[in-house]
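Worksheet: one structure, shown below.
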Amino acid sequence: MKYFSTRDNERALTSLADAAFMGLAADGGLFLPERVPQVDMKRVEVLAAKSYADMALYLAQTLFDDVAAEDLERVVRSAYDFPIELRSLDAQTHTLELFHGPTHAFKDFGARFMGQMTGLLNKEGELVILTATSGDTGSAVAHGFYGVEGVRVVILYPDGKVSPLQEAQMTTLGGNIIPLKVRGTFDDCQRMVKSMFRDAALREKVRITSANSINLLRWLPQSFYYFYGYSEWKRRTGRDNPTVVVPSGNYGNLTAGMFARRMGLPIKDFVAASNANDVVPEFLQSEEYRPRASVQTVANAMDVGDPSNFERMMSLVGGDVQALKAELRGFSCSDQQIEQAIAEIYKKYGYLSDPHSAVGYLAAKHYDVDGFYLSTAHAAKFGEVTLRAAGAEPELPQSLAEAVGKPRVATPIEAEEADLKEFLLKM
Ligand SMILES: *Cc1c(COP(=O)(O)O)cnc(C)c1O
């Protein structure tokens with residue numbers, strides 16, 4: 001399987017390793033597979049009943065057909081060693097819980113696969129993953145690459161500006177994970193990282209790459225859990241052709257679902273569930289795309305005003321807005337509605353929901369969907385919101401509680417390009 005850029009009408013092809021290490025295509029586009037493999041749904045359902053890893057391995061084999069079977073098996077089994085669960089709140093309300101991984105958010109599904117796969121594809125000596133974070137991405141990347149041989153991860157985060165939980169997740173691993181706490185803001189971190197990628201002299205001495213969320217090694221494996229959710233939902237309800245509701249920000253998650261549907265997964269349609277950052281729902285109504293600055297909400301991982309995967313989404317429908325509208329409905333809501341939903345879910349079901357998943361719940365209720373919504377984060381990561389909204393705080397999962405208790409180790413650094421360059425050269 002080879003890959004082409006969404007911006008290339010000629011569809012020139014790039015190998016998996018090149019596409020993975022480049023992240024973005026040279027023309028600024030996003031990579032997509034040259035063809036969509038069709039899967040055997042009978043087989044998917046049998047394997048899903050066995051285990052997530054077994055099902056994911058079959059799907060990975062159809063997509064990454066030029067990777068040796070035993071290598072792919074090692075990648076999949078080490079990436080997916082954590083649970084996934086379809087939870088039924090009542091006969092009509094089902095949610096696929098994607099937050100049982102090491103950092104308790106769905107990004108683990110992409111980051112873990114990418115980490116293991118990068119270790120496998122990297123044949124040219126030590127590789128440094130350089131990344132700036134305002135909190136969550138850094139911890140998912142750190143846990144995704146933790147222990148991967150031949151790879152070191154350097155994470156820059158703004159000192160004092162990430163939550164104690166986020167900091168603990170990035171700074172208590174040790175090993176090949178190297179956190180730098182920057183005396184500055186997230187923008188400083190990002191500026192420093194970008195300048196390293198532009199520094200040809202540095203790049204001759206140190207092999208650096210990014211673990212950006214648009215990287216196809218993070219994006220493609222996100223299509224797998226749609227197959228799992230479908231199989232579980234069908235087995236449990238006896239129904240077929242579900243609608244799937246996806247809490248969305250950068251739209252990597254939703255476009256991965258659209259890709260799964262093209263692989264033969266019988267999903268009826270999707271709901272793009274957003275907070276007040278509603279560019280995509282607005283586009284579905286007005287057919288006009290108006291990217292803008294994001295506004296801050298309680299579901300902050302979805303605060304995106306110009307989603308990078310919009311381009312992938314349009315490419316999947318061949319640029320046809322009507323085709324997109326046939327496949328996708330839009331929904332958006334306010335912070336007040338999100339907090340009311342958290343309270344309602346708790347009152348009705350005794351179940352605590354994080355603000356992002358609550359957006360999914362609201363959209364599912366709004367359209368009275370026959371299907372399921374995705375839950376993207378564990379409520380314990382947003383304890384202050386659930387306490388305010390529902391008067392209850394979830395217990396920290398054991399791994400989070402352990403991380404919080406461990407000593408935090410991070411190297412302090414000034415917000416200067418030269419200091420980061422020196423650090424990378426001496427490392
Ligand atoms: C990243 C994230 C989202 C948004 O996912 P996209 O793929 O960017 O649309 C939703 N919820 C949580 C908890 C996230 O971390």
Side-chain angles (χ1 to χ4, degrees), residues 21-24 102-103 105 107-108 111 114-115 118-119 122 125-215 218 294 296 300-301 303 381 400 402-427:
F21 293 131
M22 285 164 76
L24 265 186
T103 73
K107 288 190 176 69
D108 286 330
M114 180 187 189
T118 302
N122 176 34
E126 188 168 273
L127 185 65
V128 174
I129 309 284
L130 185 59
T131 186
T133 184
S134 56
D136 269 347
T137 306
S139 51
V141 170
H143 284 261
F145 284 87
Y146 180 57
V148 173
E149 237 171 88
V151 179
R152 284 200 277 183
V153 180
V154 176
I155 305 173
L156 282 75
Y157 68 92
D159 191 11
K161 297 191 177 68
V162 302
S163 78
L165 204 59
Q166 289 170 330
E167 188 173 41
Q169 288 184 293
M170 292 186 280
T171 59
T172 58
L173 287 170
N176 63 331
I177 309 302
I178 302 155
L180 302 180
K181 52 178 171 187
V182 176
R183 289 194 194 92
T185 61
F186 170 60
D187 292 331
D188 290 321
C189 298
Q190 229 171 3
R191 172 178 50 81
M192 291 162 76
V193 165
K194 280 189 178 157
S195 97
M196 297 305 109
F197 283 106
R198 282 194 307 265
D199 190 326
L202 172 77
R203 298 192 73 170
E204 261 180 33
K205 299 204 180 76
V206 187
R207 281 179 70 221
I208 53 175
T209 185
S210 75
N212 201 302
S213 71
I214 48 83
N215 191 299
R218 271 182 71 178
S294 63
Q296 203 181 338
N300 56 18
D303 294 348
K381 297 182 89 173
L400 286 184
E402 276 169 14
V404 172
K406 280 185 199 159
R408 294 175 198 176
V409 183
T411 306
I413 185 170
E414 297 300 327
E416 300 289 344
E417 277 96 339
D419 291 29
L420 177 59
K421 183 169 175 177
E422 193 187 325
F423 182 87
L424 292 171
L425 287 169
K426 284 198 178 141
M427 198 169 70

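- Distance alone, capped at 3.5 Å, is enough to place a donor-acceptor pair between the His143 side chain and the Gln169 backbone.
- The two atoms that bring Ala410 and Thr171 nearest to each other are CB-CG2, 3.9 Å, heavy atoms only.
- Within the 4.5 Å cutoff, no side-chain heavy atoms of Glu417 are placed close to those of Asp199.
- Note: Ile413 CD1 to Leu156 CG = 6.5 Å, rounded to the nearest 0.5 Å.
- Partner Ile129 forms a side-chain contact (heavy atoms from CB on, under 4.5 Å) with one of Val148, Val151, Ile178 and no other, that one being Val151.
- Put simply, the side chain of Thr209 gets close to the backbone of Phe21: a donor and an acceptor are under 3.5 Å apart.
- In this structure, Thr137 contributes its side chain and Thr133 its backbone to no donor-acceptor pair below 3.5 Å.
- Between the OG1 atom of Thr103 and the CD atom of Gln166 there is a distance of 10.0 Å, given to the nearest 0.5 Å.
- The backbone N or O of Arg198 lies less than 3.5 Å from no partner atom in the side chain of Arg203, so there is not a single donor-acceptor pair.
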**Q.** Val141 vs Arg218, side chain to side chain contact (heavy atoms under 4.5 Å, CB included): CA-CA, chis, key distance, verdict
**A.** CA-CA 10 Å; Val141 170; Arg218 271 182 71 178; 4.2 Å; yes

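- Annotation: side chain of Asn212 is not in contact with side chain of Leu24 (no heavy-atom distance under 4.5 Å).
- By the 4.5 Å heavy-atom criterion applied to side chains, Val193 and Gln190 are not counted as neighbours.
- Going from atom CG of Asp187 over to atom CE of Met192 covers 12.5 Å, rounded to the nearest 0.5 Å.
- Note: Met114 CE to Asn215 CG = 3.5 Å, rounded to the nearest 0.5 Å.
- No donor-acceptor distance shorter than 3.5 angstrom exists from the side chain of Lys107 to the backbone of Ser139, with no hydrogens or angles considered.
- Listed here is the closest heavy atom pair of Ile155 and Gly138: CD1-O, 3.6 Å.
- Taken from CG in Leu400 to NZ in Lys381, the straight-line distance is 7.0 Å, to the nearest 0.5 Å.
- Between Lys426 and Glu422 there is a salt bridge, with a side-chain nitrogen of the basic residue lying less than 4.0 Å from a carboxylate oxygen of the acidic one.
- Of all heavy-atom pairs between Ala111 and Ala140, the closest is CB-O, 3.4 Å.
- Atom CG of residue Leu420 and atom CD of residue Glu414 lie 12.5 Å apart, to the nearest 0.5 angstrom.
- Nearest heavy-atom pair, Ala403 versus Thr172, reported as atom, atom and distance to 0.1 Å: O-CG2, 3.5 Å.
- Using a 4.5 Å heavy-atom cutoff, the side chains of Pro412 and Arg183 are in contact.
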(Q) Applying side chain to side chain contact (heavy atoms under 4.5 Å, CB included) to Val154 and Met427, what does each step give before you reach the verdict? (A) CA-CA 10 Å; Val154 176; Met427 198 169 70; 3.7 Å; yes

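- Side-chain atoms of Asn122 come within 3.5 Å of backbone atoms of Gly125 as a donor-acceptor pair (strictly under, hydrogens ignored).
- Remark: side-chain polar atoms of Asp159 are not paired, donor with acceptor, to backbone N or O of Lys181 under 3.5 angstrom.
- You'll find the side chain of Glu167 reaches within 4.5 Å of the side chain of Tyr157, heavy atoms only.
- The two atoms that bring Pro158 and Cys189 nearest to each other are N-SG, 3.6 Å, heavy atoms only.
- In this structure a side-chain-to-backbone donor-acceptor pair under 3.5 Å is present from Asn176 to Phe145.
- Contact check for Arg207 versus Glu126: no side-chain heavy atoms found under the 4.5 Å cut-off.
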